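This is a predicted model, so every value here is computed, not measured.
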Amino acid sequence: MPANYSGTWDIVDNQNFEGYMVALGIDFATRKIARMLKPQKVFEQDGDSFLIKTFTTFRNYSCSFKIGEEFEEITKGLDNRKCQTTVNWDNDKLVCVQKGEKKNRGWTHWMEGDTLYLELRCEDQTCKQTYKKTA
Ligand code: ECB
């Protein structure tokens, strides 16, 4: 049985989001807005099938995938790039690799109790986010 991430998660900490956005080439004006946001994640999971929705007052993003199956991800409303993306289990961690123009791009999620962690990586930058389960 894989871990179950289903639920609603609210951000409580966001470290180096600025560095991650700079690595993605996000312009100053957009970064200024984005760094004020308090994202909420809603995970819908059925075994190895995922829908992850990220909501903010500025923009929303959603991504669906099956573990181990590469897909084309267009990061619409984020940096608007095309990636060849794969998500795999590493024990109960979700490890995503986003192949494309940017080196070392991807993310990892893991849970400890009602806390959800997310590391977002691009080039030499890592953003570390923490969420608490609210539903
Ligand atoms: C949609 C929330 C953020 C909106 C910020 C708007 C503009 C900034 C542009 C680019 C910043 C790059 C990424 C934003 C960071 C997080 C959004 C979702 C990141 C992601 O890939 O989440 C994964 C893992 O939970 C699932 O899609």
Side-chain angles (χ1 to χ4, degrees):
M1 281 281 280
N4 186 8
Y5 285 77
S6 295
T8 300
W9 306 85
D10 288 355
I11 200 162
V12 293
D13 194 45
N14 194 1
Q15 298 292 327
N16 196 39
F17 188 40
E18 176 71 9
Y20 176 73
M21 289 194 288
V22 169
L24 284 172
I26 306 303
D27 68 84
F28 178 80
T30 305
R31 294 202 311 271
K32 197 174 151 180
I33 297 167
R35 66 178 175 236
M36 302 302 294
L37 301 172
K38 299 290 179 200
Q40 180 183 67
K41 296 232 179 231
V42 177
F43 277 71
E44 296 175 19
Q45 180 189 348
D46 179 6
D48 281 355
S49 295
F50 284 81
L51 170 61
I52 305 176
K53 293 181 278 193
T54 306
F55 296 107
T56 74
T57 53
F58 179 50
R59 286 178 193 161
N60 301 320
Y61 185 70
S62 102
C63 183
S64 66
F65 56 86
K66 281 190 181 154
I67 296 294
E69 294 187 6
E70 188 174 84
F71 62 100
E72 182 176 280
E73 179 178 17
I74 296 170
T75 57
K76 188 173 156 55
L78 305 179
D79 61 319
N80 297 301
R81 284 191 176 85
K82 194 182 285 189
C83 301
Q84 294 301 317
T85 300
T86 311
V87 185
N88 280 294
W89 292 115
D90 172 8
N91 296 305
D92 284 344
K93 289 189 181 187
L94 283 176
V95 180
C96 173
V97 176
Q98 294 167 310
K99 284 190 286 177
E101 179 184 340
K102 292 291 180 183
K103 300 296 176 211
N104 187 40
R105 183 170 183 173
W107 50 258
T108 300
H109 269 295
W110 69 98
M111 289 182 296
E112 288 171 14
D114 68 350
T115 305
L116 173 73
Y117 296 95
L118 171 60
E119 269 189 19
L120 292 157
R121 298 175 291 277
C122 181
E123 306 282 358
D124 62 345
Q125 296 296 311
T126 301
C127 168
K128 297 185 177 193
Q129 299 185 339
T130 308
Y131 294 80
K132 288 287 181 191
K133 194 164 193 178
T134 53

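- Rounding to the nearest 0.5 Å places CE of Met21 at 10.5 Å from CZ of Phe28.
- For the residue pair Lys93 and Trp110, the shortest heavy atom distance occurs at CG-CB, 3.6 Å.
- For the pair His109 (side chain) and Tyr117 (backbone), a donor-acceptor distance under 3.5 Å is present.
- To the nearest 0.5 Å, atoms CD (Glu44) and CD1 (Ile52) are separated by 10.5 Å.
- At least one donor-acceptor pair under 3.5 Å links the side chain of Arg31 to the backbone N or O of Ile26.
- Under the 4.5 Å side-chain heavy-atom criterion for ILVMFWY residues, no single connected hydrophobic cluster contains both Val97 and Ile67.
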List the steps and the verdict of side-chain hydrogen bond (donor to acceptor under 3.5 Å, both in side chains) for Asp27 and Thr30.
-> CA-CA 6 Å; Asp27 68 84; Thr30 305; 2.8 Å; yes
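- In this structure, the side chain of Asn16 does not engage the main chain of Cys127 through any donor-acceptor pair within 3.5 Å.
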Going through the checks in order, is the side chain to side chain contact (heavy atoms under 4.5 Å, CB included) test met by Leu37 and Phe17?
-> CA-CA 11 Å; Leu37 301 172; Phe17 188 40; 5.9 Å; no
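- The closest side-chain heavy-atom distance from Gln45 to Leu94 is not below 4.5 Å.
- Considering CG of Asn88 and CZ of Phe65, their distance stands at 10.0 Å, rounded to 0.5 Å.
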Evaluate side chain to side chain contact (heavy atoms under 4.5 Å, CB included) for Thr56 paired with Tyr61, printing each intermediate quantity in order.
-> CA-CA 9 Å; Thr56 74; Tyr61 185 70; over 6 Å; no
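- Residues Val95 and Leu118 are members of separate hydrophobic clusters, defined by side-chain heavy-atom contacts under 4.5 angstrom among Ile, Leu, Val, Met, Phe, Trp and Tyr.
- Here the closest non-hydrogen pair linking Asn104 and Glu123 is ND2-O, 2.8 Å.
- Formation of a donor-acceptor pair under 3.5 Å by the Lys102 side chain with backbone atoms of Ala23 is found in this model.
- One hydrophobic cluster, built from ILVMFWY side chains closer than 4.5 Å, cannot hold both Ile11 and Phe58; they sit in different ones.
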CA sep, side-chain torsions, deciding dist, call: Asp48, Lys66, side chain to side chain contact (heavy atoms under 4.5 Å, CB included) = CA-CA 6 Å; Asp48 281 355; Lys66 281 190 181 154; 5.5 Å; no
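- For the pairing with Cys83, the side-chain contact (heavy atoms from CB on, under 4.5 Å) check across Glu101, Lys99, Gln98, Glu70 returns one residue only, Gln98.
- Under the side-chain contact (heavy atoms from CB on, under 4.5 Å) rule, Gln129 has a single partner from Leu120, Asp13, Leu116, which is Leu120.
- Rounding to the nearest 0.5 Å gives a distance of 9.0 Å between CG of Asn4 and CG of Asp46.
- The local environment of CG in Asp90 is crowded, with over 12 non-hydrogen atoms from other residues, nucleotides or ligands closer than 6.0 Å.
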Evaluate the criterion side chain to side chain contact (heavy atoms under 4.5 Å, CB included) for residue pair Thr8 and Gln40; output intermediate values, then yes/no.
-> CA-CA 7 Å; Thr8 300; Gln40 180 183 67; 3.3 Å; yes
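- Tyr131 is connected to Phe43 through a chain of hydrophobic side-chain contacts under 4.5 Å among Ile, Leu, Val, Met, Phe, Trp and Tyr, so both are in one cluster.
- Hydrophobic clustering of Ile, Leu, Val, Met, Phe, Trp and Tyr side chains at less than 4.5 Å, counting indirect connections, keeps Leu51 apart from Phe71.
- Closest approach of Met111 to Ala3, counting heavy atoms only: CE-CB, 4.1 Å.
- The CD atom of Glu18 sits 11.5 Å away from the NZ atom of Lys32 when rounded to the nearest 0.5 Å.
- For the pair Thr108 (side chain) and Glu119 (backbone), a donor-acceptor distance under 3.5 Å is absent.
- Side chain of Arg81 to main chain of Leu24: a donor-acceptor pair is present (N/O by atom type, distance under 3.5 Å, no hydrogens or angles).
- Taking CD of Glu69 as the start and OG of Ser49 as the end, the distance is 8.0 Å to the nearest 0.5 Å.
- Seen from the ring of Trp9, Lys41 does not count as a face-on cation partner, given the 6.0 Å and 45° thresholds.
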